[in-house]
Amino acid sequence: MAERYEPRQVERRWQEEWERSGIYRVDERSDAPKYYALNMFPYTSGDLHIGHWYHFGPADSHARYKRMRGYNVLEPIGFDAFGLPAEEAAINHGVHPYVWTMNNIRRMEEQLRTIGAMYDWSREIATCAPEYYRWNQWLFLKFFERGLAYRAKAPANWCPHCQTVLANEQVIGGRCERCDTLVTRRDLEQWFFRITAFAEQLLDDLDEIDWPERVKTMQRNWIGKSHGAEFRLKVAGRDDLEIPVFTTRLDTVFGMTYVVLAPEHPLVDELLAADRVSDVREYQEQARRATEIERLSTEREKTGVFLGAEAVNPAGGERVPIWIADYVLASYGTGAIMAVPAHDQRDFEFAQQFGLPIRAVIRPPDRDAGTRAAGGERNGTTPAERGGASPSTEGTVGSEGVPIAAYVDSGVMVNSGQFDGLPSDVGMERVADWFEALGIGERTVNYRLRDWLISRQRYWGTPIPVVYCPTCGIVPVPEDQLPVLLPEDAEFRPTGLSPLTYYEAFVETTCPRCGGPGRRETDTMDTFVDSSWYMLRYCNPRVDDAPFDRRAVEHWMPVDQYLGGVEHAVMHLLYARFFIKALHDMGLVSFKEPFSRLFNQGIILGPDGHRMSKSRGNVVNPDDYVQRMGADTVRCYLMFIAPWDSGGPWSPQGISGVEAFLHRVWGLVLDGVAGNAPNDHGSADERIVRLMHKMSKGVTEDIERFRFNTMLAKLMEATNSLVRLRGQASKRIWREASERLVLLLAPSAPHLTEELWHRLGHQQSVHLQSWPGYDEALIAEPMITLVIQVNSRVRDKLEVPADISEEGARRLAQESPRVQAHLDGATVRQVVYVPGRLVNIVASRA
RNA sequence: GCCGAAGUGGCGGAACGGCAGACGCGGCGGUCUCAAAAACCGUUGGGGGCAACCCCGUGCGGGUUCGAAUCCCGCCUUCGGCACCA
């Protein structure tokens, strides 16, 4: 008997040995094809929790597999090191963010090493290092030069708790993504990145990348492209004014009965009638104060006020009142709409609320006329009938004959002058032609996507490299003066202004252009800027005259396999794509997409099936398990729980099965070698060879597709079979089988297999070996189980030669006594034969 | 409200339209032990039967098919995303 496997010593020893021999150091000069395996880098929270393990363990196994397949694999690691928690620690515990962050990094490095991953530590990065963030500043300047970074005053999402503005993407259902506080709005001068300039490309290029459909859909929805038209409304009695509006339903233009501007719309002041001033001002103030959640709630009754002016409908020449209402967003389209209450649910509700006229100009398509327009072209918002051809489109009318909903589907135009009788889709085009001919409007496209607000009123981030000069205005800091360093001894007070604001030595500077006194920008950048290009930095993190080494980047990029959680589906992944497109435009990179292939792991739940949280008390500490059972056991168990992309609950008992499995492999490989070989081992050898090739095939297919759970099941199954065949095989075959098992398990249990590999007598690391192939011909079983059914119910199973003929199979089936018993006088109507699988005899009485 | 994914033993989960429940946990019985743990062997969807065997069973209701967990239609539930984007 070999001694029991002691993971604690073995794992530590091999981790040190791998470090010493540098087998994971990556060299671009290799002849092997490159493979960039990237994991979303961790935030420096200070503790590597089980969720991190769930991400990094299986991800590393996949990278290791690729390496054994002959790829030159780059699997880097680093830290997303700027962000609010560091500052909170400063405010609450008086620890400087830098100290807090660096301590956390040190601790996490230690914990990460216990995973036993093949990270190339020589490429480690931390985004809070000046050597890193100076390049955020450099990139900002490049963006600024090209008009991709700009400063503007806009109503911004403000989190009262975090005391900072947030990007649109960071507001989830009207609440702060980080702390769940209700977000309010503030008008502030802020810096933006012009991501909208790439909306079309960001949308189109999704077709080029191998990402989960789910994520692509989320991005498509986020970008929210819609086709329509913009046209200008004349204001009655004001030849100097025009109101541009955007619509996707030009076919309903004859149904416009009023116009609505967003409360913040710049034309409000111009249009405001003297006797309406107080009402309108009050409403604007109220709208400004409303939280996002209040404003966005569709449940809420519509509010608004009349401006005291009228617009002219270019379609009918009719005068319609102009209102302001907060259901119209200043930031979408033109911030103003033509309201068609008969055919838009929101306008309908508003019209009901304020007694405005409702005029139907679209009739549901006539089912008999054969002009079935496609129903539900836009995302219908009506609670009434979906589908224009349904019999009860009159469902838009309540029992008393009072309309209860707008008819929002397409149909046939009515009450629309020369356009009467046209189906919606044709009508839209005709009206667009007409407006274009009149010169009052044109076809346009609008996006839901907003520009990326990157200013943050915080300390622990990258200073925005700009100086405000009383004479020169906004002056970018010249490249050769970068980095603009964060002062080390700032004060941390939660005031809503960046701590940098109070730091005179930082703020007061000279204008780089005129040399006069200037003031530095005190806002810092959103930390998503850091993670938008870190994959480029990894390619050569020591380069000090550019953000990235172009030659190294052209070698490694794009990332072949990106792994991480689905929570970054829109934010990080969209921003990173935007960065690459911007860099591509500048000629700095040759590719257009950063991540060729994406896969999202699921989340690991507590033993109670709920999300782990301190308040629930269901948090699993990986370090405890690593201490007791070893990293390999933890890694394998995490892979075994469930399909990787679905995640699932951690089971304290469940892990023992995996632990036992690894110990079984240990005993099998070490004791089995010495097993005696009796004279007649031919049939055992044959079975083992078949078993091994079958296992290789299954394991290869599974690991390729991240099906780690079934991969391990197959390894367990094969191990169990080998245990049963122990001592029956020839020495040569047994050794081959042992080695193959070790190799196939190597990516999943890197320490155990390394130890076994060496004990089997090898000098070189198991992780430098090739992935074992398999021979399809050797997998074929000589005998198969033929299932015999009568009327689709299994009645017998026969062991037959695999190459049995159809006639042979049919005959055997019919001859089976069990089958005979079930046929018993019935007439055979049909016999279905599935080669190598089953015979189904269909029979009936009379 | 809209879009998407998923519902399978006591539990986690397997199953190219062809033996439902692989693999593992847990349970039960046994070997070893003074005993326990560990390890090992057997068994384990439900019901009926002494047995050979038989019946039922993949959220619910229909359909297609010789055959459906798998495909189609309609519900229900859960989870994710979006939610006044004109």
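Chain A is the first sequence line, chain B the second, and so forth, proteins listed ahead of strands; every chain is numbered from 1.
- Of all nucleotides listed (B:C53, B:C23, B:C66), B:C66 comes nearest to the side chain of A:Val842.
- Atom NE2 of A:His265 is separated from atom P of B:A86 by 16 Å (rounded to the nearest Å).
- At the heavy-atom level, A:Arg724 lies nowhere under 4.0 Å from the strands shown.
- At a threshold of 4.0 angstrom between heavy atoms, the contacts of A:Gly654 are confined to the sugar-phosphate backbone, with no base atom among them.
- Using a 4.0 Å heavy-atom criterion, one finds that A:Ala660 contacts the sugar-phosphate atoms exclusively.
- Side-chain contact of A:Asn618 with A:Asp608: a donor-acceptor pair under 3.5 Å is present, judged by distance alone.
- Of the candidate nucleotides B:G18, B:A14, B:G24, B:G24 has the atom lying nearest to any side-chain atom of A:Met716.
- The residue A:Val834 sits close to a base: some heavy atom pair falls under 4.0 Å.
- Straight-line distance from the CD atom of A:Glu659 to the P atom of B:G26: 12 Å, rounded to whole Å.
- Taking the ring centroids of A:Tyr637 and A:Tyr625, they lie at or beyond the 6.0 Å cut-off.
- With C1' as the reference atom, B:U31 and B:A37 are 15 Å apart, rounded to whole Å.
- Nucleic acid contact for A:Val832: base, since at least one base atom lies under 4.0 Å from a heavy atom of the residue.
- Phosphate contact (OP1/OP2 of B:C54, side-chain N/O of A:His822, threshold under 4.0 Å): present.
- With hydrogens and angles ignored, a donor-acceptor pair under 3.5 angstrom links the side chain of A:Lys302 to the base of B:C84.
- Using P as the reference atom, B:C11 and B:C60 are 15 Å apart when rounded to the nearest Å.
- Atom name C1', nucleotides B:G18 and B:C2: the rounded distance is 39 Å, in whole Å.
- Checked against B:A38, B:C25, B:A86, the side chain of A:Arg4 finds its nearest nucleotide in B:A38.
- A:Ile337 comes within 4.0 angstrom of a nucleotide base, judged by non-hydrogen atoms across all strands.
- For A:Gln653, the side-chain atoms get nearest to B:G26 when compared with the rest of B:A86, B:G12, B:G26.
- Residue-level contact check: A:Arg837 touches the bases, meaning some heavy atom is under 4.0 Å from a base atom.
- At the heavy-atom level, A:Arg450 lies under 4.0 Å from base atoms of the strands shown.
- Using a 4.0 Å heavy-atom distance criterion, A:Thr217 is classed as making no nucleic acid contact.
- In this entry the distance linking CD1 of A:Ile788 with P of B:C66 reads 20 Å, nearest Å.
- Between A:Asp347 and A:Tyr327, the side chains place a donor N or O and an acceptor N or O closer than 3.5 Å (distance only, hydrogens not considered).
- Taking atom P on both nucleotides, B:G29 is separated from B:A36 by 13 Å, rounded to a whole Å.
- Contact annotation for A:Asn709: backbone-only contact, meaning every heavy-atom pair under 4.0 Å involves sugar-phosphate atoms and none involves a base.
- Between B:C84, B:C19, B:G18, one nucleotide has an atom nearer to the side chain of A:Asp326 than all others, and that is B:C84.
- When each of B:C23, B:C41, B:G13 is scored by its nearest atom to the side-chain atoms of A:Arg664, the top-ranked nucleotide is B:C41.
- A:Glu200 has a carboxylate O that lies under 4.0 Å from a charged side-chain N of A:Lys225, or vice versa, which qualifies the two as a salt bridge.
- Distances shorter than 4.0 Å separate some side-chain N or O of A:Arg448 from OP1 or OP2 on B:A83.
- Base orientation for B:G29: anti, the chi torsion being more than 90° from 0.
- Among the nucleotides B:A20, B:C23, B:C66, the one closest to any side-chain atom of A:Glu717 is B:C23.
- Across B:C66, B:A22, B:A20, the shortest atom-to-atom separation from the side chain of A:Ala713 is found for B:A22.
- The shortest distance between the side-chain N/O atoms of A:Ser226 and the OP1/OP2 oxygens of B:A86 is below 4.0 Å.
- To the nearest angstrom, P of B:A20 lies 10 Å from CG of A:Leu838.
- Of the charged side-chain nitrogens involved, none lies within less than 4.0 Å of a carboxylate oxygen, so that A:Glu701 and A:Arg705 do not count as a salt-bridged pair.
- Nearest to the side chain of A:Arg795, among B:G18, B:C55, B:G24, sits B:C55.
- Among the atoms of the strands shown, none is found under 4.0 Å from any heavy atom of A:Ser331.
- Under the Watson-Crick and G-U wobble criteria, each requiring two contacts below 3.5 Å, nucleotide B:C40 is paired to B:G30.
- Checking A:Glu349 against A:Gln345 by side-chain atom types alone, a donor-acceptor pair falls below 3.5 Å.
- Side-chain polar atoms of A:Thr785 and A:Glu799 form a donor-acceptor pair below 3.5 angstrom.
- If you check every strand for non-hydrogen atoms under 4.0 Å, A:Glu213 touches nothing.
- B:G4 and B:C79 make up a base pair, with Watson-Crick or G-U wobble contacts both under 3.5 Å.
- When distances are taken from the side chain of A:Ser792 to each of B:C66, B:A86, B:C41, the shortest belongs to B:C66.
- Counting non-hydrogen atoms under 4.0 angstrom, A:Asp347 reaches nothing in the nucleic acid.
- Pairing for B:G61 is with B:C73, a Watson-Crick or G-U wobble pair whose two hydrogen-bonding atom distances lie under 3.5 Å.
- A salt bridge between A:Arg249 and A:Asp344 is absent, with no side-chain N of the basic residue lying under 4.0 Å from a carboxylate O of the acidic one.
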